[in-house]
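Scroll down for the structure; my scribbles are underneath it.
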Amino acid sequence: MTLDYPSTPTSDREAQLLAALEGVQRPDTGESLVDAGLVAGVDIEDDRATVAVDPDALAGEDGEALAAASVRAARTVEGIESAHVEPASGGDSETAAPDDTRTTGVEVFDHVVAVASTKGGVGKSTVAVNLACALATDADVGVFDADVYGPNVPTLLDVDAPVHSTDAGNPVPVDAGGVEVMSVGLMADDAPLAWRGAMAHDALADLFADTAWAADDVLVLDLPPGTGDTVLTTLQEVPVDGVVFVTTPFHTSVADTERSLDLFHENDVPVLGVVRNMRSFECPSCGDEHAMFPGEDTGLDAPVLASLPFDRDLQGSPTPGDPPAAFMELASEVADRIESAWEPDVPADAIDLRSVPPDGRRDRVREAVAARTSGDDLVLVSDRDPTPVRSFLADLADVDPEVVAPFEVERATPETWVARTERP
């Protein structure tokens, strides 16, 4: 949004907003923000307010405090649910980012990796920010905090508002020392967020589309816990290349995680693997390692990317490019898997028909069947539903199609099917 910065309010609501801003004082002088002439303009669209402030006043820690106080004041006006402070044009501080160095929208990233959990409190956001910091060792990385009801990423990375904007009015992520960060938590004050589903969806959709990123290699997307509307709409609107699930080894957390894996499969998002967090702890007295959850459940239909201990060294604010070693290993696993995320997990001798012309597919299957003996495993990969192959196998063996069993077909990726059976 680009403001015209009117010298006087153009509506009663804008007048109420300016009146609320009269109570905001400069931290350095105690003077009213409005009386000091630092408010260049205000704009209200539906339930969202934008306050344009002299960019020089937004510099440094005092500027951050001023922006936060302005947001809180704006939200006291009836009908305003969210507020945003942006630098006005002019001033000596370079707070607006050049448009030609940034691209709007999450589609700019080569890869989008989501971090999810079915329960809160399992360390999802901690894993997300540390993964981002580890990937930043050799990539340009951004973090998008989509956990609208508990946006913890800014706290974990020790960053704060204000969120500045480009000359075109697009919000610019906050720099966490080598990782770009965008979060609803940076756009609102510290009040609890009690948004209904539609409001949360609209806020995220705007940020997904409008945020102006400089990074373009990997975006780490911190999802809300659970499988609610926000998660579903995010998966439908953001081109997610793979998801990392975070769980504790406790049996109920593992069971819920197992059920949630299907949601991502149904939305054509590959599950890269699972992080088992808080698996064990080291006794500070004797140094022995103890399980946090005795009798842990190991029944997950997904690879375990990392098993992390309950360790204070993993709980601090990570440094981009220099996180704890455990997360460097996790980042390496994720980087390897994201490159092959759309490749199905099949044996080396699988019959791959994806590059075979239609008129040569029967011959390819016939040759593969001839090279096997009855009862051998037969795995077929295709770019279309391979169910008709069952009848063709029956014809080759001169048996009823029902004899070709089991015959299991799985759509492994949006463009790849896998059939598993035995040679009749």
Side-chain angles (χ1 to χ4, degrees), residues 111-128 130-132 144 146-147 150 218-279 292-293 295-308 327 329-347 379 381 385 406 408-420:
H111 297 295
V112 178
V113 179
V115 180
S117 68
T118 55
K119 294 181 180 295
V122 299
K124 168 183 60 66
S125 295
T126 297
V127 170
N130 277 278
L131 174 60
F144 193 109
D147 192 347
V218 183
L219 179 68
V220 176
L221 180 61
D222 184 22
L223 292 173
T227 55
D229 289 345
T230 303
V231 174
L232 291 173
T233 53
T234 298
L235 295 182
Q236 292 163 3
E237 295 188 4
V238 178
V240 178
D241 294 298
V243 60
V244 175
F245 263 93
V246 181
T247 181
T248 67
F250 192 58
H251 61 89
T252 59
S253 182
V254 172
D256 288 345
T257 299
E258 183 63 38
R259 286 191 292 269
S260 296
L261 299 181
D262 293 336
L263 171 70
F264 287 82
H265 287 307
E266 291 168 2
N267 283 274
D268 297 328
V269 177
V271 176
L272 303 180
V274 174
V275 173
R276 283 200 183 134
N277 198 21
M278 297 182 279
R279 186 184 184 197
M292 286 283 288
F293 303 95
E296 66 180 58
D297 192 335
T298 58
L300 279 171
D301 187 21
V304 176
L305 303 178
S307 292
L308 304 176
F327 290 105
E329 296 173 7
L330 172 62
S332 178
E333 287 281 345
V334 169
D336 289 344
R337 291 181 180 277
I338 202 69
E339 293 296 338
S340 60
W342 295 107
E343 281 298 312
D345 184 12
V346 296
V379 178
V381 184
D385 186 350
E408 300 172 348
V409 175
E410 170 196 8
R411 190 174 184 179
T413 75
E415 299 179 352
T416 305
W417 282 259
V418 176
R420 302 176 191 275

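In this structure, F327 and V127 approach most closely via the heavy-atom pair CE2-CA, 4.0 Å. Scanning all heavy atoms of the two residues, the minimum distance from A116 to F264 falls at CB-CZ, 3.9 Å. Counting all heavy atoms, side chain and backbone alike, G226 lies closest to V231 at O-CG2, 3.6 Å. When every heavy atom of K124 is checked against every heavy atom of L223, the shortest pair comes out as NZ-O, 2.7 Å. Across A146 and L221, no two heavy atoms sit closer than the pair CB-CD1, 3.9 Å. For the pair I338 and G242, the tightest heavy-atom approach, listed with the atom from each and the gap, is CD1-N, 4.0 Å.
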task: Start with the C-alpha distance between T126 and N277, add both sets of side-chain angles, then the distance that settles side chain to side chain contact (heavy atoms under 4.5 Å, CB included), and finish with yes or no.
output: CA-CA 10 Å; T126 297; N277 198 21; 5.6 Å; no

- request: Decide side chain to side chain contact (heavy atoms under 4.5 Å, CB included) for T247 and T118; before the verdict, give the C-alpha distance in whole Å, the side-chain angles of both, and the deciding distance to 0.1 Å.
  value: CA-CA 8 Å; T247 181; T118 55; 5.8 Å; no

task: Could you walk me through whether V346 and R420 pass the side chain to side chain contact (heavy atoms under 4.5 Å, CB included) test, one step at a time?
output: CA-CA 10 Å; V346 296; R420 302 176 191 275; 4.1 Å; yes

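Between L263 and L232, the closest side-chain pair of non-hydrogen atoms falls below 4.5 Å. Looking only at side-chain heavy atoms (C-beta outward), P303 and E333 stay at 4.5 Å or farther from each other.
Interatomic distance, S125 OG to L131 CG, rounded to the nearest 0.5 Å: 12.0 Å. Separation of atoms CG (D241) and CZ (R337) is listed at 15.5 Å; rounding is to 0.5 Å. Distance check: D268 CG to R411 CZ gives 5.5 Å after rounding to the nearest 0.5 Å.
Remark: E343 engages R354 in a salt bridge (charged side-chain N to carboxylate O under 4.0 Å, His left out) (not counting sequence neighbours). Residues passing the side-chain hydrogen bond (donor to acceptor under 3.5 Å, both in side chains) test with N267, sequence neighbours excluded: none.
None of V115, V112, V274, V269 except one satisfies the side-chain contact (heavy atoms from CB on, under 4.5 Å) rule with V243; the exception is V269.
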